[in-house]
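A short worksheet on the structure shown next.
All residue numbers refer to positions in the sequence shown, counting from 1. These numbers were taken from a predicted model, which means no experiment stands behind them.
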Amino acid sequence: MPGSGPRIRAWHIVLLAAILAFGAYASWRLWKHFHHPPVVITAALPAMDLTGYDPEIVAALRQAREAVSKAPQSGAAWGKLGQVLMVHRFHKEAISALAQAARLDPREPRWPYLQGIIMIDYDPDGALPLLQAGADLAPHDVVAPRLRVANLFIERGRLEDARKYVEETVAADPQDPRVLLAQGKLTLFQGDAKAALPLLERCAENPATAHEAEALIGTTQQRLGDTIESQAAAKRAAALPPDPGLPDSYVAETHSFLAGQDAWIDRADHLIKGGDLAGGINLLQKAVALNPDKVVALQKLGWGELTAKDYVSAEHAFQRWTKVEPQSDEAWFQLGNSVSLQGRRTEAMRYYRKAIELAPGNAFAHYDLGILLADQHETEAALAEFREALRYKPDFGDAYKRLGGTLALAHRYTEALEPFQRALDLDPADAKAKQMLELAKKRGAEQKEKPAAATPPAKK
(Lines give C-alpha, C1' and ligand atoms only; values in the text may rest on other atoms or scores of the structure.)
Protein backbone atom coordinates (compact mmCIF):
# COMPACT_ATOMS: atom_id res chain seq x y z
CA MET A 1 0.00 0.00 0.00
CA PRO A 2 1.50 3.33 -1.03
CA GLY A 3 2.91 5.32 1.91
CA SER A 4 2.57 2.42 4.37
CA GLY A 5 6.34 1.96 4.70
CA PRO A 6 7.06 5.36 6.25
CA ARG A 7 4.03 5.08 8.57
CA ILE A 8 5.20 1.66 9.82
CA ARG A 9 8.67 3.00 10.35
CA ALA A 10 7.24 5.95 12.35
CA TRP A 11 5.22 3.58 14.51
CA HIS A 12 8.34 1.51 15.15
CA ILE A 13 10.19 4.63 16.19
CA VAL A 14 7.44 5.59 18.66
CA LEU A 15 7.40 2.05 20.07
CA LEU A 16 11.17 2.03 20.40
CA ALA A 17 11.09 5.40 22.16
CA ALA A 18 8.46 4.11 24.59
CA ILE A 19 10.53 1.00 25.32
CA LEU A 20 13.61 3.12 25.91
CA ALA A 21 11.68 5.52 28.14
CA PHE A 22 10.27 2.65 30.18
CA GLY A 23 13.74 1.14 30.49
CA ALA A 24 15.15 4.46 31.64
CA TYR A 25 12.35 4.86 34.21
CA ALA A 26 12.86 1.30 35.49
CA SER A 27 16.62 1.89 35.74
CA TRP A 28 16.01 5.15 37.63
CA ARG A 29 13.69 3.37 40.09
CA LEU A 30 16.26 0.65 40.69
CA TRP A 31 19.00 3.25 41.16
CA LYS A 32 16.83 5.26 43.56
CA HIS A 33 15.97 2.13 45.55
CA PHE A 34 19.61 1.21 46.09
CA HIS A 35 21.12 4.70 46.32
CA HIS A 36 18.22 6.66 47.90
CA PRO A 37 16.02 4.06 49.62
CA PRO A 38 12.69 5.14 51.11
CA VAL A 39 12.89 6.54 54.63
CA VAL A 40 12.44 3.71 57.09
CA ILE A 41 10.93 4.35 60.50
CA THR A 42 13.84 3.64 62.81
CA ALA A 43 12.44 5.28 65.94
CA ALA A 44 9.78 3.38 67.82
CA LEU A 45 7.02 5.31 69.51
CA PRO A 46 8.34 5.98 73.02
CA ALA A 47 6.86 3.72 75.67
CA MET A 48 6.74 5.73 78.88
CA ASP A 49 5.32 5.11 82.31
CA LEU A 50 3.03 8.10 82.82
CA THR A 51 1.66 6.96 86.19
CA GLY A 52 1.14 9.93 88.46
CA TYR A 53 1.51 12.55 85.71
CA ASP A 54 -0.95 15.38 85.24
CA PRO A 55 -3.88 14.01 83.17
CA GLU A 56 -3.61 16.95 80.75
CA ILE A 57 0.05 16.14 80.06
CA VAL A 58 -0.81 12.46 79.56
CA ALA A 59 -3.58 13.43 77.11
CA ALA A 60 -1.23 15.74 75.16
CA LEU A 61 1.40 13.00 74.85
CA ARG A 62 -1.14 10.39 73.79
CA GLN A 63 -2.61 12.70 71.18
CA ALA A 64 0.83 13.38 69.70
CA ARG A 65 1.64 9.64 69.69
CA GLU A 66 -1.64 8.83 67.95
CA ALA A 67 -0.88 11.39 65.22
CA VAL A 68 2.41 9.57 64.54
CA SER A 69 0.66 6.19 64.51
CA LYS A 70 -1.74 7.47 61.86
CA ALA A 71 0.98 9.10 59.73
CA PRO A 72 4.29 7.35 60.47
CA GLN A 73 5.96 8.90 57.39
CA SER A 74 5.08 12.46 58.47
CA GLY A 75 8.02 14.52 59.63
CA ALA A 76 5.62 17.12 61.06
CA ALA A 77 3.88 14.48 63.22
CA TRP A 78 7.17 13.16 64.58
CA GLY A 79 8.37 16.73 65.11
CA LYS A 80 5.29 17.72 67.10
CA LEU A 81 5.69 14.59 69.21
CA GLY A 82 9.30 15.64 69.85
CA GLN A 83 8.20 19.15 70.83
CA VAL A 84 5.55 17.85 73.25
CA LEU A 85 8.09 15.48 74.80
CA MET A 86 10.72 18.20 74.97
CA VAL A 87 8.57 20.81 76.69
CA HIS A 88 7.52 18.28 79.34
CA ARG A 89 11.17 17.30 79.92
CA PHE A 90 11.17 13.81 78.40
CA HIS A 91 14.49 14.71 76.82
CA LYS A 92 15.78 11.32 75.73
CA GLU A 93 12.50 10.43 74.02
CA ALA A 94 12.27 13.93 72.50
CA ILE A 95 15.69 13.62 70.87
CA SER A 96 14.70 10.27 69.33
CA ALA A 97 11.43 11.67 67.92
CA LEU A 98 13.08 14.84 66.60
CA ALA A 99 15.84 12.80 64.94
CA GLN A 100 13.16 10.78 63.12
CA ALA A 101 11.42 14.01 62.10
CA ALA A 102 14.71 15.29 60.66
CA ARG A 103 15.15 12.10 58.61
CA LEU A 104 11.63 12.38 57.18
CA ASP A 105 11.70 16.15 56.70
CA PRO A 106 15.37 17.06 56.09
CA ARG A 107 14.67 20.65 55.00
CA GLU A 108 12.94 21.69 58.24
CA PRO A 109 15.34 23.65 60.52
CA ARG A 110 13.42 23.03 63.75
CA TRP A 111 14.13 19.33 64.06
CA PRO A 112 17.95 19.31 64.28
CA TYR A 113 17.94 22.67 66.05
CA LEU A 114 15.66 21.57 68.89
CA GLN A 115 17.77 18.44 69.40
CA GLY A 116 20.74 20.75 69.87
CA ILE A 117 18.80 22.94 72.33
CA ILE A 118 18.03 19.89 74.47
CA MET A 119 21.65 18.69 74.40
CA ILE A 120 23.41 22.03 74.89
CA ASP A 121 23.47 21.93 78.71
CA TYR A 122 25.00 18.46 79.06
CA ASP A 123 26.83 17.93 75.74
CA PRO A 124 27.62 21.30 74.11
CA ASP A 125 30.11 19.80 71.66
CA GLY A 126 27.54 17.24 70.51
CA ALA A 127 24.85 19.93 70.35
CA LEU A 128 26.84 22.32 68.15
CA PRO A 129 26.58 20.39 64.82
CA LEU A 130 22.82 20.01 65.34
CA LEU A 131 22.39 23.69 66.13
CA GLN A 132 24.53 24.54 63.13
CA ALA A 133 22.40 22.32 60.87
CA GLY A 134 19.27 24.09 62.07
CA ALA A 135 20.84 27.54 61.61
CA ASP A 136 21.91 26.70 58.06
CA LEU A 137 18.35 25.63 57.16
CA ALA A 138 16.58 28.53 58.89
CA PRO A 139 15.13 31.39 56.80
CA HIS A 140 17.30 34.47 56.41
CA ASP A 141 15.24 36.58 58.81
CA VAL A 142 15.25 34.02 61.67
CA VAL A 143 18.27 35.36 63.55
CA ALA A 144 18.31 33.43 66.85
CA PRO A 145 19.72 30.08 65.58
CA ARG A 146 22.60 31.79 63.73
CA LEU A 147 23.30 34.04 66.70
CA ARG A 148 23.38 31.08 69.07
CA VAL A 149 25.81 29.20 66.82
CA ALA A 150 27.99 32.29 66.38
CA ASN A 151 28.32 32.74 70.15
CA LEU A 152 29.15 29.05 70.70
CA PHE A 153 31.89 29.24 68.07
CA ILE A 154 33.29 32.43 69.67
CA GLU A 155 33.31 30.77 73.12
CA ARG A 156 35.35 27.91 71.63
CA GLY A 157 37.81 30.22 69.88
CA ARG A 158 36.62 29.11 66.42
CA LEU A 159 36.50 32.69 65.20
CA GLU A 160 36.56 31.98 61.47
CA ASP A 161 33.59 29.62 61.83
CA ALA A 162 31.80 32.28 63.89
CA ARG A 163 32.41 35.02 61.32
CA LYS A 164 30.03 33.50 58.74
CA TYR A 165 27.14 33.43 61.19
CA VAL A 166 27.86 36.90 62.59
CA GLU A 167 27.88 38.34 59.07
CA GLU A 168 24.56 36.64 58.29
CA THR A 169 22.92 38.05 61.42
CA VAL A 170 24.28 41.53 60.71
CA ALA A 171 22.85 41.34 57.17
CA ALA A 172 19.46 40.24 58.55
CA ASP A 173 19.11 42.72 61.45
CA PRO A 174 22.00 45.18 61.93
CA GLN A 175 20.21 47.12 64.71
CA ASP A 176 19.49 44.17 67.01
CA PRO A 177 21.59 44.77 70.18
CA ARG A 178 22.35 41.04 70.47
CA VAL A 179 23.65 41.03 66.90
CA LEU A 180 25.81 44.07 67.65
CA LEU A 181 27.11 42.33 70.78
CA ALA A 182 28.16 39.26 68.78
CA GLN A 183 29.80 41.52 66.20
CA GLY A 184 31.66 43.44 68.91
CA LYS A 185 32.72 40.26 70.68
CA LEU A 186 34.06 38.72 67.48
CA THR A 187 35.89 41.94 66.56
CA LEU A 188 37.48 42.06 70.03
CA PHE A 189 38.67 38.46 70.00
CA GLN A 190 39.98 38.84 66.46
CA GLY A 191 42.39 41.40 67.95
CA ASP A 192 40.82 44.75 67.01
CA ALA A 193 39.88 46.20 70.41
CA LYS A 194 39.65 49.74 69.05
CA ALA A 195 36.99 48.78 66.47
CA ALA A 196 35.12 46.63 69.00
CA LEU A 197 34.71 49.41 71.59
CA PRO A 198 32.01 51.54 69.86
CA LEU A 199 29.97 48.43 69.08
CA LEU A 200 30.09 47.30 72.71
CA GLU A 201 29.30 50.80 73.99
CA ARG A 202 26.10 50.80 71.92
CA CYS A 203 25.15 47.44 73.48
CA ALA A 204 25.81 48.79 76.98
CA GLU A 205 22.96 51.26 76.47
CA ASN A 206 20.41 48.48 75.96
CA PRO A 207 19.09 46.48 78.95
CA ALA A 208 18.99 43.34 76.78
CA THR A 209 22.79 43.31 76.51
CA ALA A 210 24.11 45.78 79.11
CA HIS A 211 25.62 43.29 81.57
CA GLU A 212 27.72 41.31 79.08
CA ALA A 213 28.59 44.46 77.13
CA GLU A 214 30.01 46.20 80.22
CA ALA A 215 32.05 43.12 81.11
CA LEU A 216 33.46 43.04 77.58
CA ILE A 217 34.14 46.78 77.67
CA GLY A 218 36.27 46.12 80.75
CA THR A 219 38.29 43.55 78.78
CA THR A 220 38.51 45.88 75.78
CA GLN A 221 39.75 48.85 77.82
CA GLN A 222 42.30 46.59 79.49
CA ARG A 223 43.65 45.60 76.06
CA LEU A 224 43.73 49.28 75.07
CA GLY A 225 45.77 50.02 78.20
CA ASP A 226 43.15 52.11 80.06
CA THR A 227 43.11 50.46 83.49
CA ILE A 228 40.85 53.07 85.11
CA GLU A 229 38.11 52.68 82.48
CA SER A 230 38.52 48.92 82.59
CA GLN A 231 37.89 48.85 86.35
CA ALA A 232 34.94 51.24 86.02
CA ALA A 233 33.31 49.00 83.40
CA ALA A 234 33.87 45.92 85.57
CA LYS A 235 32.14 47.65 88.50
CA ARG A 236 29.21 48.67 86.30
CA ALA A 237 28.89 45.08 85.10
CA ALA A 238 28.91 43.77 88.69
CA ALA A 239 26.04 46.11 89.60
CA LEU A 240 23.83 45.05 86.68
CA PRO A 241 21.42 42.10 86.65
CA PRO A 242 22.14 39.26 84.20
CA ASP A 243 21.01 39.88 80.64
CA PRO A 244 17.69 38.25 79.67
CA GLY A 245 17.89 35.12 77.53
CA LEU A 246 18.00 35.14 73.74
CA PRO A 247 14.48 35.46 72.24
CA ASP A 248 14.11 32.34 70.09
CA SER A 249 10.92 31.70 68.12
CA TYR A 250 11.70 28.00 67.62
CA VAL A 251 12.12 27.42 71.35
CA ALA A 252 9.16 29.66 72.24
CA GLU A 253 6.99 27.66 69.84
CA THR A 254 7.46 24.53 71.94
CA HIS A 255 5.83 26.30 74.92
CA SER A 256 2.52 26.32 73.07
CA PHE A 257 2.48 22.55 73.67
CA LEU A 258 2.66 22.85 77.46
CA ALA A 259 -0.22 21.12 79.20
CA GLY A 260 -1.55 20.84 82.73
CA GLN A 261 0.44 22.29 85.62
CA ASP A 262 3.40 23.18 83.40
CA ALA A 263 1.11 25.29 81.22
CA TRP A 264 -0.37 26.99 84.29
CA ILE A 265 3.08 27.74 85.71
CA ASP A 266 4.33 29.12 82.40
CA ARG A 267 1.19 31.24 82.01
CA ALA A 268 1.47 32.42 85.61
CA ASP A 269 5.01 33.65 84.91
CA HIS A 270 3.75 35.73 81.99
CA LEU A 271 0.85 37.14 84.02
CA ILE A 272 3.04 38.12 86.98
CA LYS A 273 5.67 39.72 84.72
CA GLY A 274 2.86 41.56 82.95
CA GLY A 275 1.56 42.98 86.24
CA ASP A 276 -1.39 40.62 86.84
CA LEU A 277 -0.17 39.35 90.20
CA ALA A 278 -3.56 38.03 91.33
CA GLY A 279 -4.10 36.08 88.09
CA GLY A 280 -0.64 34.51 88.27
CA ILE A 281 -1.05 33.52 91.92
CA ASN A 282 -4.43 31.95 91.16
CA LEU A 283 -2.91 29.70 88.48
CA LEU A 284 -0.03 28.72 90.77
CA GLN A 285 -2.48 27.85 93.53
CA LYS A 286 -4.29 25.54 91.07
CA ALA A 287 -0.98 23.85 90.20
CA VAL A 288 -0.10 23.32 93.88
CA ALA A 289 -3.60 22.03 94.66
CA LEU A 290 -3.21 19.41 91.92
CA ASN A 291 0.32 18.44 92.98
CA PRO A 292 1.36 19.76 96.41
CA ASP A 293 4.92 18.46 95.95
CA LYS A 294 5.75 20.26 92.70
CA VAL A 295 8.75 22.35 93.75
CA VAL A 296 8.73 24.90 90.93
CA ALA A 297 5.06 25.71 91.63
CA LEU A 298 5.75 26.09 95.37
CA GLN A 299 8.73 28.36 94.67
CA LYS A 300 6.87 30.65 92.30
CA LEU A 301 3.75 30.71 94.45
CA GLY A 302 5.74 31.70 97.54
CA TRP A 303 7.63 34.42 95.65
CA GLY A 304 4.41 35.73 94.14
CA GLU A 305 2.73 35.88 97.53
CA LEU A 306 5.75 37.68 99.03
CA THR A 307 5.45 40.24 96.23
CA ALA A 308 1.74 40.59 97.01
CA LYS A 309 2.67 41.04 100.72
CA ASP A 310 0.63 37.99 101.69
CA TYR A 311 3.35 36.78 104.03
CA VAL A 312 1.26 34.13 105.80
CA SER A 313 0.39 32.38 102.52
CA ALA A 314 4.00 32.69 101.38
CA GLU A 315 5.10 31.02 104.62
CA HIS A 316 2.80 28.07 103.93
CA ALA A 317 4.22 27.64 100.40
CA PHE A 318 7.84 27.80 101.60
CA GLN A 319 7.11 25.54 104.56
CA ARG A 320 5.80 22.93 102.12
CA TRP A 321 8.93 23.42 99.99
CA THR A 322 11.15 22.58 102.98
CA LYS A 323 9.13 19.38 103.47
CA VAL A 324 9.58 18.33 99.83
CA GLU A 325 13.27 19.39 99.64
CA PRO A 326 14.63 19.48 103.21
CA GLN A 327 18.21 19.87 101.94
CA SER A 328 17.44 23.02 99.93
CA ASP A 329 19.13 26.03 101.53
CA GLU A 330 17.04 28.34 99.32
CA ALA A 331 13.81 26.85 100.73
CA TRP A 332 14.87 27.54 104.32
CA PHE A 333 16.14 31.01 103.39
CA GLN A 334 12.83 31.99 101.78
CA LEU A 335 10.92 30.55 104.75
CA GLY A 336 13.07 32.78 106.96
CA ASN A 337 12.15 35.81 104.83
CA SER A 338 8.42 35.05 105.06
CA VAL A 339 8.40 34.82 108.87
CA SER A 340 10.80 37.76 109.29
CA LEU A 341 8.35 39.96 107.39
CA GLN A 342 5.69 38.90 109.90
CA GLY A 343 7.90 40.13 112.76
CA ARG A 344 8.86 36.65 114.05
CA ARG A 345 12.56 37.42 114.15
CA THR A 346 13.80 34.67 116.45
CA GLU A 347 12.14 32.08 114.24
CA ALA A 348 13.55 33.74 111.12
CA MET A 349 17.07 33.60 112.55
CA ARG A 350 16.64 29.89 113.13
CA TYR A 351 15.67 29.37 109.47
CA TYR A 352 18.55 31.52 108.20
CA ARG A 353 20.98 29.49 110.29
CA LYS A 354 19.51 26.30 108.83
CA ALA A 355 20.10 27.67 105.31
CA ILE A 356 23.71 28.52 106.24
CA GLU A 357 24.22 25.06 107.75
CA LEU A 358 23.15 23.51 104.43
CA ALA A 359 25.07 26.01 102.27
CA PRO A 360 27.72 28.09 104.09
CA GLY A 361 28.21 30.16 100.94
CA ASN A 362 24.65 31.53 100.95
CA ALA A 363 25.64 35.20 101.19
CA PHE A 364 22.05 36.45 101.42
CA ALA A 365 21.28 34.24 104.41
CA HIS A 366 24.38 35.61 106.21
CA TYR A 367 23.31 39.16 105.31
CA ASP A 368 19.71 38.85 106.51
CA LEU A 369 20.80 37.07 109.69
CA GLY A 370 23.25 39.93 110.29
CA ILE A 371 20.45 42.51 109.99
CA LEU A 372 18.36 40.73 112.62
CA LEU A 373 21.35 40.38 114.97
CA ALA A 374 22.19 44.07 114.55
CA ASP A 375 18.58 45.00 115.37
CA GLN A 376 18.97 43.02 118.63
CA HIS A 377 22.20 44.94 119.37
CA GLU A 378 24.33 41.80 119.01
CA THR A 379 26.97 43.88 117.28
CA GLU A 380 29.90 41.46 117.07
CA ALA A 381 27.70 38.60 115.83
CA ALA A 382 26.12 40.91 113.22
CA LEU A 383 29.53 42.12 112.01
CA ALA A 384 30.68 38.51 111.64
CA GLU A 385 27.65 37.70 109.45
CA PHE A 386 28.14 40.74 107.21
CA ARG A 387 31.80 39.79 106.75
CA GLU A 388 30.79 36.23 105.84
CA ALA A 389 28.33 37.58 103.29
CA LEU A 390 31.13 39.62 101.73
CA ARG A 391 33.54 36.68 101.80
CA TYR A 392 31.20 34.74 99.54
CA LYS A 393 29.91 37.71 97.52
CA PRO A 394 32.61 40.40 97.29
CA ASP A 395 30.46 42.66 95.08
CA PHE A 396 27.61 42.85 97.65
CA GLY A 397 27.23 46.63 97.98
CA ASP A 398 24.41 46.53 100.55
CA ALA A 399 26.48 44.26 102.80
CA TYR A 400 29.33 46.81 102.76
CA LYS A 401 26.89 49.55 103.77
CA ARG A 402 25.41 47.41 106.57
CA LEU A 403 28.89 46.51 107.81
CA GLY A 404 29.94 50.17 107.80
CA GLY A 405 26.68 51.29 109.40
CA THR A 406 26.94 48.74 112.22
CA LEU A 407 30.53 49.83 112.91
CA ALA A 408 29.47 53.49 112.88
CA LEU A 409 26.65 52.83 115.36
CA ALA A 410 29.29 51.31 117.65
CA HIS A 411 31.29 54.57 117.24
CA ARG A 412 34.01 52.70 115.34
CA TYR A 413 34.13 55.35 112.62
CA THR A 414 37.66 54.70 111.37
CA GLU A 415 36.83 51.04 110.76
CA ALA A 416 33.59 52.05 108.99
CA LEU A 417 35.43 54.09 106.34
CA GLU A 418 36.68 51.12 104.31
CA PRO A 419 33.32 49.33 103.85
CA PHE A 420 31.57 52.60 102.95
CA GLN A 421 34.30 53.35 100.41
CA ARG A 422 33.98 49.84 98.93
CA ALA A 423 30.22 50.33 98.53
CA LEU A 424 30.86 53.63 96.74
CA ASP A 425 33.50 52.06 94.51
CA LEU A 426 30.98 49.43 93.42
CA ASP A 427 28.36 52.08 92.64
CA PRO A 428 29.73 55.65 92.32
CA ALA A 429 26.14 56.90 91.96
CA ASP A 430 25.07 55.52 95.36
CA ALA A 431 24.14 58.72 97.19
CA LYS A 432 23.44 56.86 100.45
CA ALA A 433 26.92 55.29 100.51
CA LYS A 434 28.49 58.67 99.79
CA GLN A 435 26.51 60.34 102.59
CA MET A 436 27.42 57.59 105.08
CA LEU A 437 31.11 57.80 104.11
CA GLU A 438 31.21 61.58 104.59
CA LEU A 439 29.41 61.31 107.93
CA ALA A 440 31.83 58.61 109.14
CA LYS A 441 34.79 60.80 108.15
CA LYS A 442 33.31 63.75 110.03
CA ARG A 443 32.49 61.75 113.16
CA GLY A 444 35.90 60.07 113.03
CA ALA A 445 37.66 63.43 112.87
CA GLU A 446 35.57 64.76 115.77
CA GLN A 447 36.36 61.65 117.77
CA LYS A 448 40.10 62.18 117.27
CA GLU A 449 39.90 65.86 118.25
CA LYS A 450 37.92 65.18 121.43
CA PRO A 451 40.33 65.43 124.40
CA ALA A 452 40.75 62.37 126.49
CA ALA A 453 39.08 62.51 129.89
CA ALA A 454 41.43 63.83 132.58
CA THR A 455 42.81 61.17 134.85
CA PRO A 456 42.00 62.04 138.48
CA PRO A 457 45.07 62.54 140.65
CA ALA A 458 46.07 59.64 142.80
CA LYS A 459 45.28 59.92 146.46
CA LYS A 460 48.23 60.46 148.73
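Residues Gln421 and Asp425 have side chains that bring a donor and an acceptor to within less than 3.5 angstrom of each other. Checking Asn337 against Tyr352 by side-chain atom types alone, a donor-acceptor pair falls below 3.5 Å. Neither side chain, Trp303 nor Gln299, offers a donor N or O lying under 3.5 Å from an acceptor on the other. Using modelled atom types, one finds no donor on one side chain facing an acceptor on the other under 3.5 Å when comparing Ser338 with Glu315. Gln175 and Arg202 share a side-chain donor-acceptor pair at under 3.5 Å.
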Derivation of the side-chain contact (heavy atoms from CB on, under 4.5 Å) call for Lys434 and Asp430
CA-CA 6 Å; Lys434 187 175 183 180; Asp430 189 335; over 6 Å; no

Start with the C-alpha distance between Glu212 and Lys185, add both sets of side-chain angles, then the distance that settles salt bridge (Lys or Arg N to Asp or Glu O under 4.0 Å), and finish with yes or no.
CA-CA 10 Å; Glu212 187 176 1; Lys185 200 186 311 184; 2.9 Å; yes

Quick one, Arg148 with Asp248, criterion salt bridge (Lys or Arg N to Asp or Glu O under 4.0 Å). Give me CA distance, side-chain angles, the key distance, then yes/no.
CA-CA 9 Å; Arg148 197 182 295 276; Asp248 190 327; 2.8 Å; yes

Derivation and outcome, side-chain contact (heavy atoms from CB on, under 4.5 Å), residues Gln183 and Thr169
CA-CA 9 Å; Gln183 188 181 15; Thr169 60; over 6 Å; no

Verdict with reasoning, Ser230 to Gln221, per side chain to side chain donor-acceptor pair (under 3.5 Å):
CA-CA 5 Å; Ser230 174; Gln221 294 287 17; over 6 Å; no

Could you give me the CA-CA distance, side-chain angles and deciding distance for Leu114 and Ile118, then say whether side-chain contact (heavy atoms from CB on, under 4.5 Å) is met?
CA-CA 6 Å; Leu114 292 176; Ile118 295 170; 5.5 Å; no

List the steps, then state whether side-chain contact (heavy atoms from CB on, under 4.5 Å) holds for Tyr351 with Gln319.
CA-CA 11 Å; Tyr351 294 140; Gln319 188 74 258; 4.0 Å; yes

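With contacts defined as side-chain heavy-atom distances shorter than 4.5 Å, the pair Phe318/Phe333 does not qualify. The side-chain heavy atoms of Leu407 and Pro419, taken from C-beta on, include a pair separated by under 4.5 Å. Counting heavy atoms from C-beta outward, Leu283 and Ile265 have side chains that stay 4.5 Å or more apart. Contact check for Phe153 versus Leu159: no side-chain heavy atoms found under the 4.5 Å cut-off.
Counting heavy-atom neighbours within 6.0 Å of Gln63 CD, excluding the residue itself, gives a total of 12 or less. Residue Glu418 qualifies as open at atom CD: its count of foreign heavy atoms under 6.0 Å is 12 or below. In this structure, Arg345 places its CZ atom where only 12 or fewer heavy-atom neighbours from other residues, nucleotides or ligands lie under 6.0 Å away. Heavy-atom neighbours of Arg236 CZ from other residues, nucleotides or ligands within 6.0 Å: above the threshold of 12. Within a 6.0 Å sphere centred on NZ of Lys294, other residues, nucleotides and ligands contribute more than 12 heavy atoms.
With salt bridges taken as basic N to acidic carboxylate O contacts below 4.0 Å, none links Asp161 and Arg156. Ion pairing between a basic and an acidic side chain is recognised when a charged N comes within 4.0 Å of a carboxylate O; Lys235 and Glu214 show no such pairing. Salt-bridge formation is detected for the pair Asp395/Lys393: a Lys NZ or Arg NE/NH1/NH2 atom is positioned less than 4.0 Å from an Asp or Glu carboxylate oxygen.
Residues forming a ring pair (Phe, Tyr, Trp, His ring centres under 6.0 Å) with Phe189 (at least two apart in sequence, or on another chain): none. Annotation: side-chain contact (heavy atoms from CB on, under 4.5 Å) contacts of Ala374 (sequence neighbours excluded): Ala382, Thr406. In this structure Glu155 satisfies the side-chain contact (heavy atoms from CB on, under 4.5 Å) test together with Leu152, sequence neighbours excluded. Considering only residues two or more places apart in sequence or on other chains, Arg402 meets the side-chain contact (heavy atoms from CB on, under 4.5 Å) condition with Tyr367, Ile371, Phe386. Under the side-chain contact (heavy atoms from CB on, under 4.5 Å) criterion, Glu380 pairs with Leu383, Arg412, not counting sequence neighbours.
Taking the six-membered ring for Trp and the full ring otherwise, the centers of Tyr400 and Phe420 sit at least 6.0 Å from each other.
Shown here for Arg178 and Pro244, the closest heavy-atom pair between the two residues is NH2-CG, 4.0 Å. Shown here for Ala162 and Ile154, the closest heavy-atom pair between the two residues is CB-CG1, 3.6 Å. When all heavy atoms of Asn206 and Pro177 are compared, the closest pair comes out as ND2-CG, 3.5 Å. Looking at every heavy atom in both residues, Ala67 comes nearest to Ala77 through O-CB, 4.0 Å. The shortest non-hydrogen separation linking Ala308 to Ile281 is CB-CD1, 4.0 Å. Of all non-hydrogen atoms in Asp310 and Ser313, the two that sit nearest each other are OD2-OG, 2.8 Å.
When each of Glu160, Glu168, Glu167 is paired with Lys164, the salt bridge (charged side-chain N to carboxylate O under 4.0 Å, His left out) condition holds for Glu168 and for no other.
Here the CG atom belonging to Leu81 is positioned 7.5 Å from the CG atom belonging to Leu61, to the nearest 0.5 angstrom. Atoms CD and CD1, from Gln222 and Ile217 in turn, are 14.0 Å apart once rounded to the nearest 0.5 Å. Going from atom CG of Asp125 over to atom CD1 of Ile120 covers 10.5 Å, rounded to the nearest 0.5 Å. Atom CD of Glu330 is separated from atom CG of Asn362 by 6.5 Å, given to the nearest 0.5 angstrom. Rounding to the nearest 0.5 Å gives a distance of 11.5 Å between OG1 of Thr307 and NZ of Lys300.
The closest donor-acceptor contact from the side chain of Gln342 to the backbone of Arg344 lies at 3.5 Å or more, if one exists at all. Judged by distance alone, with hydrogens and angles left aside, the side-chain atoms of Asp123 form no donor-acceptor pair with the main-chain N or O of Met119 at under 3.5 Å. For the pair Ser96 (side chain) and Glu93 (backbone), a donor-acceptor distance under 3.5 Å is absent. Looking at Arg163, its side chain never comes within 3.5 Å of a backbone N or O of Arg158 through a donor-acceptor pair. A donor-acceptor pair is defined here as one N or O able to donate and one able to accept, closer than 3.5 Å; no such pair exists between the side chain of Glu385 and the backbone of Ala381. Under a 3.5 Å cut-off, the side chain of Trp332 and the backbone N or O of Pro326 do form a donor-acceptor pair. Of the possible polar contacts, none joining the Arg350 side chain to the Thr346 backbone as a donor-acceptor pair under 3.5 Å is found. At least one donor-acceptor pair closer than 3.5 Å links the side chain of Thr209 to the backbone N or O of Cys203. Looking at His366, its side chain never comes within 3.5 Å of a backbone N or O of Glu388 through a donor-acceptor pair. When atom types are taken as modelled, the side chain of Trp78 and the backbone of Leu98 share no donor-acceptor pair closer than 3.5 angstrom.
Under the ring-ring contact (aromatic ring centres under 6.0 Å, His included) criterion, the residue pairs touching residues 240-267 are Tyr113-Tyr250, with sequence neighbours excluded.
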